[in-house]
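One structure is given below, encoded as structure tokens.
All chains are named by letter (A, B, ...) in the order of the sequence lines, taking the proteins before the strands, and each is independently numbered beginning at 1.
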Amino acid sequence: MSRYNVKETEARWQAEWERRSCFTAAEDAGRPKYYVLEMFPYPSGRIHMGHVRNYTIGDVIARFKRAKGFNVLHPMGWDAFGLPAENAALEKKTHPAKWTRENIATMRGQLKTMGLSIDWSREVATCDVEYYRHEQKMFLDFMKAGLAYRKESWVNWDPVDNTVLANEQVIDGRGWRTGALVEKRKLSQWFLKITAYADELLKGLESLDRWPERVRLMQENWIGKSTGVRFRFDVQGRDDKLEVFTTRPDTLFGASFAAISANHPLASELAANNPALAEFIAECNRLGTSEEAIETAEKKGFDTGLRVVHPFDPAWTLPVYVANFVLMEYGTGAIFGCPAHDQRDLDFARKYDLPVTPVVIPADADPAAFAVGTEAYTGPGVLKNSRFLDGLDVESAKQEIGKRMESAGQGERTTQYRLRDWGVSRQRYWGCPIPVIHCPEHGIVPVPDDQLPVVLPEDVTFDKPGNPLDHHPTWKHTACPTCGKPALRETDTFDTFIESSWYFARFCSPHTADAAFERKAVDYWLPVDQYIGGIEHAVLHLLYSRFWTRALTQCGYLDVAEPFAGLFTQGMVNHETYKDANGAWLSPADIVRNDKGELVAADGGPVAVGRVEKMSKSKKNVVDPANIIDTYGADAARLFMLSDSPPERDLEWTEAGIDGAWRYINRLWRMITEAPVALPAAGSPAPAELSDKAQGARRLIHKTVAGVGEDLDKFRFNKAVARVRELSNALAELDGKSAGEAWVLREGFEALVRMVAPMMPHLAEELWAHLGHATPLVEQPWPEADAALATDDVVTMAVQVNGKLRATLELPRDVAKDEAERRALADANVQKALEGKPVRKVIVVPNRVINVVV
RNA sequence: GCCCCAGUGGCGAAAUGGUAGACGCGGCAGACUCAAAAUCUGUUGCCGGCAACGGCGUGCUGGUUCGAGUCCGGCCUGGGGCACCA
């Protein structure tokens, strides 16, 4: 029995593809283009199973589309700026640039062993000045277009390290390194006006018909368009007013309090003379800036003692609280609370003993008896206890009160978005410098074109906390471009979401020096036809890219409506978790099976098997793809990634699964290289006569070709693999002793090999060569199914009595309904189930089912 | 807390509103072998039955329908996101 030599074979074909430049893409007006892109990796050190899954899926699509005649662009690059590089600098004393570039080199090598059909000549790394210089120019153009502006906003501040913290660096309100209670600080920062495109980004979702519905829904909710009323309360004893926004103006007569954000100007003003309030605000600020922390915290309020006057009753006043759940970023940073019809307001009212007056009565409730207990009523109904609104439904009441406020000049009906402008300033080193200069005289001055790019200096130190750019002895000192006097560079860098907001365009002409990309290249390649990545990017990255594309269009860089015409979001790769006797996490590599078949630690100690969870360093449940590829080869790893689980769902990595993939590879190898008979030459004509068995196998070949093509189009890789296995099982039944069977074996083997090529490209090439072909499979077109052979002329129909299966019948395809009905009623089992009862109705679904209703 | 998604045999899963469990893993039985591994063959949702066959069965619960894993309502559990992780 010959053995398939994976290592030698995979390396040889990878070299051959490279030698032939099989995957180098060029614009070609004569062929339809297809741009396949997987989300580019952050160079964290080594590739992980998530990458293997992502790039396997993308490569299957790229190879499949190439075989279907498309001019495919399939590039790869590195999302190379970011926080981990700076953490590595602190922990391992390596420079972020060195760390990043070494990681890129390692990961590039690892990716190449996967045998991906990537055009490596287009590789980019976003930390290279040749890349990020272009986004400096884009930013300056956005400034000119009014899409970039500065405003004060909050950051997490670690008072011990004197450093700005990312949300993930705040753990339970404390800095991750120092353990100090985090404070919020206000800094002047750059923002991009994504809200200017809120409506367009919302409308554009409708055109994205090849995006998952759930991603469009999440984006829609994120943008959060809502209509409501913005109005002003008079504040008792003061001249100023308190402006609030509400989506439920109809419930205004059920109001029992007003609440403002801890960061509302009024709160700050009152706190100046109220130490208790100041302490409450400080407590709110210790929650950090993340919405999650704020929303999950216990709802608390502080009565300011101020009262606001009800807009429709000068005698009616409401207390004003500072509340920890009111966000300054949304609406006006102030609300009114109607406890009966909002759960959060109700919880708050119960806690502070505020009145709860129902003003909307559900249609089926008794108006006199309707009361609200612990659950707010948020459904439709009729207004009550609401003076001029009484008797109106919720919608009419909203309109009526809006109109009255507008005519009284107290407020106006408006549209509000949840979406906030995109803050892009980061007080960090490892990022693209923001190209502006601060002049004492001229304020903010953009760096002039001829002084671009602003290069990130590499001679920095990490011995002090804070941003090394700020500590650099000379870098920030420069001359004002306007007056030439000493001025300071901005030391903040860009959010790394900026790099990933346009890399797909850079890939179209990655080596253009004087521009971000060539117009004719982006006009040809964009939009990306199929984008593939994790669901975790459903909102931020994808929304920012959609915005950036529009901003680039506005500034004349390109003309594309949407960057990603098709999107596929794959699931995570999970693994069992293990703990030793002391409760410490154990890596799968440290686990063995003892002679009793139990899982034990390498030292023989007991192992507790935990839940299946996302592979993560912290839980040590990681399997290194490099080891897998080294042992089983890239094809086995790829096959396993595609086999069992549908790609959008989470996949559990198991030893048994990779073994199964490995076994199948060897099975295919043996089946074809040790075929039972000499096969007829490739391309010989079909014999005139085929045995029933051979003809049946032939039908299955064509059915499989048709099915696999459809499955790959629809990302049903697991089904495609199942079909391919089914066909190989059937072909294994043929002994090839008759001329007909031998011919069908040749047809079947060739079809099999061509169909598995996108999934297991190395094995497929090797077998294709073995079948006697001189030109590589990568240059072959996708096989075509004979439609006549791919459809059966006999179908199995189910016969039900009252919806219960009682028999199945073999009937000619598309048999007449009355004939099907006659045959069904003639069946003995059906007659038995009818028990002599009269037939009321017979439903015949062609080629599927016959349901007899009694 | 809010938004989104998922839940089917021992396990991964399949199933345009129409035969639930294709394909694979594991198990069991057998072939080959001195033996084992590898490989091959058969079998395998659960309960009852020698069998034919019957009953039950898609997280829980209620509904729509001739017919529901699939559609609708309410729950439970797990996962993703929440604007400075990427």
Side-chain angles (χ1 to χ4, degrees), chain A residues 1 39 41-42 44 79 81-84 87 155-156 164-170 194 212-215 217-222 224 289-299 325 329 343-344 347 418-428 495-497 500 534-541 543-544 569 571-572 574 611-614 643-646 648-652 654 656-657 659-661 663-664 666-667 670 716 718-719 721-726 729 732 796-808 829 832 840-843 845 847-854:
Chain A
M1 192 156 62
M39 291 179 183
Y42 179 79
S44 54
D79 188 13
F81 275 139
L83 207 47
N87 293 337
V155 293
N156 300 308
V164 176
L165 297 177
N167 281 337
E168 74 156 5
Q169 297 173 319
V170 179
I194 189 170
E213 182 57 32
R214 60 167 160 160
V215 174
L217 243 178
M218 280 190 261
Q219 293 214 350
E220 186 183 324
N221 290 335
W222 188 264
T289 58
S290 96
E291 190 173 318
E292 185 192 357
I294 293 163
E295 290 274 322
T296 49
E298 191 197 350
K299 308 287 177 282
F325 57 85
E329 291 79 17
Q343 193 60 45
R344 202 168 50 181
D347 296 342
R418 203 187 76 96
L419 181 69
R420 309 197 297 257
D421 276 337
W422 176 12
V424 295
S425 296
R426 296 291 180 270
Q427 296 71 42
R428 314 208 177 281
D495 178 7
T496 57
F497 273 124
S500 53
I535 186 70
E536 66 273 20
H537 293 292
V539 177
L540 293 180
H541 159 60
L543 194 64
Y544 290 148
T569 53
M572 298 180 307
N574 297 341
R611 297 182 348 159
V612 174
E613 291 191 65
K614 178 182 176 171
S643 296
D644 292 340
S645 296
E648 68 277 9
R649 219 184 286 181
D650 286 356
L651 171 86
E652 187 192 345
T654 59
D659 277 343
R663 277 205 301 272
Y664 181 66
N666 283 287
R667 185 161 175 238
R670 279 193 310 272
R716 298 187 298 215
N718 53 329
K719 283 191 70 186
V721 170
R723 280 188 212 272
V724 160
R725 293 187 98 122
E726 218 169 357
N729 289 345
T796 309
M797 288 185 73
V799 186
Q800 301 174 335
V801 176
N802 282 346
K804 282 207 170 202
L805 182 72
R806 294 300 171 184
T808 56
N829 266 327
K832 196 175 124 201
R840 275 186 25 218
K841 189 156 85 166
V842 179
I843 291 153
V845 181
N847 302 324
R848 292 257 177 207
V849 78
I850 303 156
N851 190 13
V852 182
V853 185
V854 296

Out of [options], whichever nucleotide has its closest atom nearest the side chain of [X]:
X        : options             : answer
A/Asn221 : B/C4, B/C85, B/U19  : B/C4
A/Glu291 : B/G67, B/C84, B/C82 : B/C82
A/Lys841 : B/C40, B/C23, B/C66 : B/C66
A/Asn829 : B/C53, B/C23, B/C82 : B/C53
A/Arg725 : B/A86, B/G12, B/G24 : B/G24
A/Asn167 : B/G18, B/A20, B/C85 : B/C85
A/Asp644 : B/U19, B/G24, B/A86 : B/G24
A/Ala166 : B/A22, B/C85, B/G79 : B/C85
A/Arg649 : B/A86, B/A14, B/A83 : B/A14
A/Ile535 : B/C25, B/C82, B/G80 : B/G80

What is the distance, to the nearest angstrom, from the [atom1] atom on [X] to the [atom2] atom on [N]?
X        : N     : atom1 : atom2 : answer
A/Glu613 : B/G80 : CD    : P     : 9 Å
A/Asp650 : B/A6  : CG    : P     : 12 Å
A/Asn851 : B/G18 : CG    : P     : 13 Å
A/Asn574 : B/G79 : CG    : C1'   : 9 Å

Under 4.0 Å, counting only non-hydrogen atoms across every strand here, what does [X] touch: a base, just sugar-phosphate, or nothing?
X        : result
A/Arg428 : base
A/Ile294 : nothing
A/His541 : nothing
A/Gln800 : base
A/Trp422 : nothing
A/Ala538 : nothing
A/Gly423 : sugar-phosphate

Spacing of CG belonging to A/Leu419 relative to CH2 belonging to A/Trp222, to within rounding of 0.5 Å: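 Rounded to the nearest 0.5 Å, the CG-CH2 separation comes out at 8.5 Å.
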
State whether [X] places a side-chain N or O below 4.0 Å from either non-bridging phosphate oxygen (OP1 or OP2) of [N].
X        : N     : value
A/Arg426 : B/C84 : yes
A/Arg663 : B/C25 : yes
A/Lys832 : B/C53 : no
A/Asn718 : B/C23 : no
A/Lys804 : B/C56 : yes
A/Arg344 : B/C2  : no
A/Arg806 : B/G54 : yes
A/Arg723 : B/G24 : no
A/Thr496 : B/A86 : yes
A/Thr808 : B/U19 : no

Return the pairing partner of [N] with a 3.5 Å limit on both distances, Watson-Crick or G-U wobble; otherwise return none.
N     : value
B/C56 : B/G45
B/A38 : none
B/C2  : B/G81
B/G17 : none
B/C50 : none
B/C71 : B/G63
B/C11 : B/G24

Between [M] and [N], how far apart are the [atom1] atoms? Round to whole Å, please.
N     : M     : atom1 : value
B/G42 : B/A22 : P     : 15 Å
B/G27 : B/G80 : C1'   : 35 Å
B/A31 : B/A35 : P     : 11 Å

Partner of A/Met572 under side-chain contact (heavy atoms from CB on, under 4.5 Å), chosen from A/Glu652, A/Arg649, A/Lys614: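 The passing option is A/Lys614.
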
State whether the side chain of [X] and the backbone N or O of [Y] hold a donor-acceptor pair below 3.5 Å, judged by distance alone.
X        : Y        : answer
A/Asn156 : A/Val170 : no
A/Asn574 : A/Leu651 : no
A/Gln800 : A/Arg806 : no
A/Asn851 : A/Val842 : no

B/G62 glycosidic torsion: syn (within 90° of 0) vs anti: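 Anti, angle beyond 90° from zero.
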
Test salt bridge (Lys or Arg N to Asp or Glu O under 4.0 Å) applied to A/Lys299 and A/Asp347, step by step: CA-CA 8 Å; A/Lys299 308 287 177 282; A/Asp347 296 342; over 6 Å; no

Which residue lies more 5' along RNA chain B, comparing A/Thr296 with A/Arg418 via nearest heavy atoms: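 This one resolves to A/Thr296.
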
Pairwise 5' ranking along RNA chain B for A/Val215 and A/Arg420, keeping only the more 5' one: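 Result of the comparison: A/Val215.
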
A/Asn718-A/Arg723 side chain donor-acceptor pair, cut-off 3.5 Å: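 No, A/Arg723 and A/Asn718 have no side-chain donor paired with an acceptor closer than 3.5 Å.
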
Ion pair A/Arg418/A/Glu329, N-O distance below 4.0 Å: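 A salt bridge is absent here (no side-chain N lies under 4.0 Å from a carboxylate O).
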
